[in-house]
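Quick note: numbers below take in every heavy atom, side chains included, and nothing from hydrogens, waters or symmetry partners.
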Protein chains: 2
Amino acid sequence: MDRIDTQIVDELQRDARIPLRDLAEVVGVAASTCSERIRRLERRGIITGFHADVDLVALGRPVQALVSTQVRPLSRQFIERFYDDAMAMPEVIAVFVLAGGDDFLLHVGVGDVQQLHSFLVDKLSNRKEVTQFRSSIIFTQGQKRSLENLRSIGMVGEVDRNSGRTTRTSRS
Amino acid sequence: MDRIDTQIVDELQRDARIPLRDLAEVVGVAASTCSERIRRLERRGIITGFHADVDLVALGRPVQALVSTQVRPLSRQFIERFYDDAMAMPEVIAVFVLAGGDDFLLHVGVGDVQQLHSFLVDKLSNRKEVTQFRSSIIFTQGQKRSLENLRSIGMVGEVDRNSGRTTRTSRS
DNA sequence: ATTGAAACGAACGATGG
DNA sequence: CCATCGTTCGTTTCAAT
C-alpha cells in the first residue's frame, strides 16, 4: 500500500471503468504496471470487487428506513441467526451489528409505506427473539462513493517519540 | 425497465467488469444490444456509476461507529449546513437524515478508538447546533452489493381492481 | 519492480439490415 | 434487436533496465 496503490484505489473508487491509460497517466506509471498493480490489489483482498450503483427508485425502493432492533437473548447463536435471516430478506439493504443500546440496525428499502409496515409487523414482530424495535424514515442519504485512505492523509495516530503516547490529532 | 434491463442491472451490480459477451449470453441478447442498453441505463440515471469496493481496514479505518445526532434548531438551513459539513469530514462514510427521534445518523470509520473519541469531542461537541449524540461501535456489518428490483419479484403494491386499495402482500 | 513494444482478443460507436 | 466493421482499449508476454 504505497502512494501508487493508494492513488489507484482512489481513482477506481471514483470510477471503476476509467481507461487504463488515463489511470496510468494520473498515477505516473506505465499502463502495464497499472494493470499488474490492480490485479495484485484484488488478489490481496484490498479491492474487494467492482459494482454498479443503481438508483433505488428505479429498483422499486423509494421508501427507506433505519430500524433499530433489540434481540434477546443476546447469544452468539441468536445474533448470527438473526443476522443471516435479515440479510436474506429482500427489503434489507444493510445490517449493522452494534455494541451498546440497540443490538442491530437494519437499513431497509421498500416500495411504499404499506410494505414498510408489513415488513415491521409481519417479519420483525413475529420473531420471538426481537424484543423491541424503533424505525426512522430516511429523508435523504449521502453515501461516500470514494473513501480516502486515512493513513495517506496523516490521520492515523503515530507514537509520539517523546511522550510515548499515541497522538490523536486530526490534521484534516 | 423491462426484464432485460433488470437482468443487466442485476449482473452489473454483482460484477461491474463482467465481459460484455458473458453478460449478453446470460441476458439472452446480442452483445451490441447489451452495450446499447447499458449506455441507455446510464443516460437515464438508473445506473449512477461504477465503483470499486475497498477493504476498510486497508484504508486505515478498522474502527467503525454509528452516531445518532440531534440538531437544534431543526430548520432547513441548519440541516443542510450540518449535512454538508458532515459529508466533508474525512471520518464520515455516510450521512442519513431521518424523521423521528434523532435527526441524523452518521456512519464513521476511523483508525482507532482515540480518533473516534477525537471526532466526537472535537468535531461534534464543538458545534452549537448539536444538542446531543449517542454512538455505537459496529461489530460487524453486511452491505448488500446487489439489490433486487422489488418490482420484478412482485413486491410492489398493485391497485386491486375490486377494492381500489393497494395490496401490501409481500410474496417473497 | 518497472518499462515499452508487440500481439491477440475484447469493447466501443456507428451503420445498415 | 442484430450483425458487421474499423478503431480503440485491455491484457499478457518478454527483453531490458
Side-chain angles (χ1 to χ4, degrees), chain A residues 1-55 57-60 145-154 156 158, chain B residues 1-60 145-149 151-154:
Chain A
M1 255 333 235
D2 57 1
R3 184 195 59 82
I4 293 175
D5 282 337
T6 298
Q7 223 165 338
I8 289 175
V9 165
D10 270 359
E11 293 297 324
L12 289 179
Q13 281 186 101
R14 224 176 312 275
D15 177 12
R17 290 193 157 190
I18 181 177
L20 208 56
R21 57 182 191 84
D22 295 358
L23 181 58
E25 192 180 0
V26 170
V27 175
V29 295
S32 56
T33 307
C34 236
S35 182
E36 195 189 333
R37 288 261 192 171
I38 294 172
R39 248 180 293 111
R40 223 192 319 160
L41 287 166
E42 289 187 68
R43 228 180 324 110
R44 287 199 283 164
I46 292 176
I47 292 177
T48 58
F50 299 94
H51 306 284
D53 271 19
V54 180
D55 176 30
V57 177
L59 285 186
R145 63 276 133 179
S146 59
L147 294 172
E148 315 158 87
N149 183 341
L150 290 189
R151 276 194 287 265
S152 72
I153 58 176
V156 166
E158 290 160 13
Chain B
M1 255 332 238
D2 57 2
R3 184 194 60 84
I4 294 175
D5 282 337
T6 298
Q7 223 166 338
I8 289 175
V9 166
D10 269 359
E11 293 298 324
L12 288 179
Q13 281 187 100
R14 224 177 311 276
D15 178 12
R17 288 192 155 188
I18 182 175
L20 209 54
R21 56 183 187 85
D22 294 359
L23 181 56
E25 192 180 0
V26 170
V27 175
V29 295
S32 56
T33 307
C34 237
S35 180
E36 196 187 333
R37 289 262 192 170
I38 294 173
R39 249 179 293 115
R40 223 191 319 156
L41 286 166
E42 290 187 64
R43 223 177 334 107
R44 285 199 284 164
I46 292 177
I47 292 176
T48 58
F50 299 93
H51 306 283
D53 271 19
V54 180
D55 176 32
L56 287 180
V57 177
L59 285 185
R145 60 277 133 175
S146 59
L147 294 172
E148 314 158 87
N149 183 340
R151 276 195 286 267
S152 71
I153 59 175

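In this structure the side chain of A:Arg3 never reaches within 4.5 angstrom of the side chain of A:Asn149, judged on heavy atoms. The shortest side-chain heavy-atom distance between B:Ile47 and A:Asp53 does not fall under the 4.5 Å cut-off. In this structure the side chain of B:Phe50 never reaches within 4.5 angstrom of the side chain of A:Arg14, judged on heavy atoms. Side-chain contact check for A:Met1 versus A:Leu41: some heavy-atom pair is nearer than 4.5 Å. With contacts defined as side-chain heavy-atom distances shorter than 4.5 Å, the pair B:Arg151/A:Leu59 does not qualify.
Screening B:Thr6, B:Ile4, B:Asp10 for a side-chain contact (heavy atoms from CB on, under 4.5 Å) involving B:Val27 leaves a single residue, B:Ile4.
Along DNA chain C, the stretch of nucleotides lying under 4.0 Å from any heavy atom of chain B spans, 5' to 3', C:dA10 to C:dG13. Taking every nucleotide of DNA chain D with any atom under 4.0 Å from a non-hydrogen atom of chain B, the first and last of them, 5' to 3', are D:dC1 to D:dA3.
Taken over five-pair windows at either terminus, the axes of the helix from C:dA1-D:dT17 to C:dG17-D:dC1 are inclined to one another by 30° (rounded to 10 degrees).
Taking every heavy atom of both residues into account, A:Gln7 and A:Val26 meet most closely at NE2-O, 3.6 Å. Listed here is the closest heavy atom pair of B:Cys34 and B:Ile8: SG-CD1, 4.1 Å. Of all heavy-atom pairs between B:Asp55 and A:Gly45, the closest is CB-O, 3.5 Å. When all heavy atoms are compared, the tightest approach of A:Ile46 to B:Ala58 is CG2-CB, 3.8 Å. The two atoms that bring B:Leu23 and B:Leu12 nearest to each other are CD2-CD2, 4.3 Å, heavy atoms only.
In this structure, A:Gln13 contributes its side chain and A:Leu147 its backbone to a donor-acceptor pair below 3.5 Å.
Non-hydrogen atoms lying under 4.0 Å from DNA chain D are contributed by nothing in residues 4-12 of chain A. Contacts between residues 27-50 of chain A and DNA chain D, defined by a heavy-atom separation below 4.0 Å, involve A:Ser35, A:Arg39, listed by number.
The pair A:Asp5-A:Arg44 counts as a salt bridge, with a side-chain nitrogen and a carboxylate oxygen less than 4.0 angstrom apart.
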Item to complete: Please assess B:Arg37 against B:Asp2 for the test salt bridge (charged side-chain N to carboxylate O under 4.0 Å, His left out), listing each intermediate value before the final yes or no.
Response: CA-CA 11 Å; B:Arg37 289 262 192 170; B:Asp2 57 2; 2.9 Å; yes

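Under the side chain to side chain contact (heavy atoms under 4.5 Å, CB included) criterion, A:Ala31 pairs with A:Ala24, sequence neighbours left out.
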